[in-house]
Asks: 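Pasting a structure below so you can have a look.
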Amino acid sequence: MVTWNFAAVWDAVAAEVPDRDAVVCGERRVSWGELSERAHRFGAWLLEQGLHAGDKVALDLPNVPEYIEVFYGALVVGCVPVNVNYRYTADEVHQLVDDSDAKVVVHTADVASTVARAVKRIQKKWRPKLLEVGEPYEQALAGVTLGPENERPPSPDDLIFIYTGG
């Protein structure tokens with residue numbers, strides 16, 4: 001049985017070439033070492049929020065370095081990344097987040113009101129926690145402690161949700 005996932009592969013790359021660029025987005029550059037550390041911090045934050053392996057994490061993000069950090073970090077702890085097209089309307093975001101049972105939605109400031117309207121309509125006993133990229137996201141990463149309790153062996157059964165349409 002194969003025992004790897006994307007997070008395990010990216011961890012191996014980060015261990016081998018930590019100073020090489022992993023993400024280049026405009027003027028921003030993130031090394032493999034930085035990407036791995038930030039992804040593991042995000043995964044630890046998810047655990048602190050009470051998420052478990054198999055829980056969904058929606059990414060309502062454009063092409064920004066945080067997209068890959070959140071995707072990678074979710075996989076580190078066995079959560080399921082759920083891609084959300086950042087151009088979706090509130091109705092479309094609601095449908096996707098509600099249908100996927102996402103426990104967290106990470107988004108940028110420019111879609112914050114769309115995401116808030118979408119999540120407000122969810123008719124469950126709980127609603128997903130919202131985390132905005134920028135200062136709230138940076139505070140979330142800075143506020144966690146990394147340790148062995150945040151580690152999880154990769155599983156070939158880990159999922160990635162990709163919804164299409166609109």
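Quantities reported herein were computed from a predicted structural model and do not represent experimental measurements. The basis for the numbers below is simple: all heavy atoms, side chains too, and nothing from hydrogens, waters or symmetry mates.
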Asks: Let me check something: do Ile160 and Tyr86 share a hydrophobic cluster, defined by ILVMFWY side-chain heavy atoms less than 4.5 Å apart, either directly or through other members?
Replies: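 In one cluster with Ile160: Tyr86, no.
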
Asks: Between Ala90 and Ala118, what is the shortest heavy-atom contact and its length?
Replies: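 So the two residues come closest at O-CB, 3.3 Å.
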
Asks: How many angstroms lie between CG in Asp98 and CD in Gln123, if you round to the nearest 0.5 Å?
Replies: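 Output value for this atom pair is 8.5 Å.
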
Asks: Given the rule in the side chain to side chain contact (heavy atoms under 4.5 Å, CB included) test, do Arg28 and Val23 qualify, once you have shown the distances and angles that lead to the verdict?
Replies: CA-CA 8 Å; Arg28 283 182 70 187; Val23 178; over 6 Å; no

Asks: Can you measure from CG (Asn83) to CZ (Phe71) and round to the nearest 0.5 angstrom?
Replies: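 Answer for the CG-CZ pair, Asn83 versus Phe71, is 8.0 Å.
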
Asks: If I compare all heavy atoms of Tyr88 with all of Leu96, which pair ends up nearest, and what's the gap?
Replies: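 The pair with the smallest heavy-atom distance is CE1-CD1, 3.9 Å.
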
Asks: Please determine whether side chain to side chain donor-acceptor pair (under 3.5 Å) holds for the pair Thr89 and Asp91, giving the CA-CA distance in whole Å, both sets of side-chain angles, and the decisive distance to 0.1 Å.
Replies: CA-CA 5 Å; Thr89 65; Asp91 287 342; 5.0 Å; no

Asks: Does any non-hydrogen side-chain atom of Val144 lie less than 4.5 Å from one of Glu48?
Replies: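 A side-chain contact exists here, since the closest heavy-atom pair is under 4.5 Å.
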
Asks: Provide the closest heavy-atom pair for Tyr72 versus Ala7 in the form atom of the first, atom of the second, distance.
Replies: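 Minimum heavy-atom contact is CE2-O, 3.8 Å.
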
Asks: Do Phe6 and Val17 share a hydrophobic cluster, counting only Ile, Leu, Val, Met, Phe, Trp and Tyr and linking them when any side-chain heavy atoms are less than 4.5 Å apart?
Replies: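 In one cluster: yes.
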
Asks: Hey, what do you get for NE2 (His40) to CG (Leu35), rounding to the nearest 0.5 Å?
Replies: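 So the gap between those two atoms works out to 9.0 Å.
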
Asks: Please report the C-alpha distance between Trp126 and Lys103 in whole Å, then the side-chain angles of each, then the deciding distance to 0.1 Å, and finally whether the side chain to side chain contact (heavy atoms under 4.5 Å, CB included) criterion is met.
Replies: CA-CA 9 Å; Trp126 54 271; Lys103 299 281 199 263; 3.7 Å; yes

Asks: Evaluate whether atom CZ of Arg20 has more than 12 neighbouring non-hydrogen atoms of other residues, nucleotides or ligands under 6.0 angstrom away.
Replies: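 Counting other residues, nucleotides and ligands, CZ of Arg20 stays at 12 neighbours or fewer.
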
Asks: Can you confirm whether Trp45 sits close enough to Val77 that some side-chain heavy atom of one is under 4.5 Å from a side-chain heavy atom of the other?
Replies: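 The answer is no; the side chains never approach within 4.5 Å.
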
Asks: Could you tell me the separation between the CG atom of Asp19 and the OG atom of Ser31, rounded to the nearest 0.5 Å?
Replies: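 Output value for this atom pair is 6.0 Å.
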
Asks: Checking side-chain contact (heavy atoms from CB on, under 4.5 Å) against Val93, which of Val84, Val119, Asn85, Val111 comes through?
Replies: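 Passing option: Val84.
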
Asks: Hey, can you pull the donor-acceptor pairs under 3.5 Å for the side chains in residues 54-65, sequence neighbours left out?
Replies:
{"residue": "Asp55", "atom": "OD2", "partner": "His52", "partner atom": "N", "Å": "2.8"}
{"residue": "Lys56", "atom": "NZ", "partner": "Gly54", "partner atom": "O", "Å": "3.3"}

Asks: Supply the atom-to-atom distance Arg127 CZ to Ile122 CD1, rounded to the nearest 0.5 angstrom.
Replies: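 Separation between the atoms: 7.5 Å.
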
Asks: Determine whether more than 12 heavy atoms belonging to other residues, nucleotides or ligands lie under 6.0 Å from atom NZ of Lys120.
Replies: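 No, because the 6.0 Å sphere around NZ of Lys120 holds 12 heavy atoms or fewer from other groups.
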
Asks: Using 0.5 Å steps for rounding, measure from the CD atom of Glu37 to the CG atom of Leu141.
Replies: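 One finds 8.0 Å between CD of Glu37 and CG of Leu141.
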
Asks: Just wondering, do Pro81 and Leu75 contact through their side chains at under 4.5 Å, heavy atoms?
Replies: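 Side chain of Leu75 against side chain of Pro81, heavy atoms only: contact under 4.5 Å found.
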
Asks: Considering only distance and modelled atom types, tabulate donor-acceptor pairs under 3.5 Å from the side chains of residues 132-140, sequence neighbours left out.
Replies:
{"residue": "Glu135", "atom": "OE2", "partner": "Gln139", "partner atom": "NE2", "Å": "3.2"}
{"residue": "Tyr137", "atom": "OH", "partner": "Glu69", "partner atom": "OE1", "Å": "2.7"}
{"residue": "Glu138", "atom": "OE1", "partner": "Arg38", "partner atom": "NH1", "Å": "3.0"}
{"residue": "Glu138", "atom": "OE1", "partner": "Arg38", "partner atom": "NH2", "Å": "3.3"}
{"residue": "Glu138", "atom": "OE2", "partner": "Arg38", "partner atom": "NH2", "Å": "2.7"}

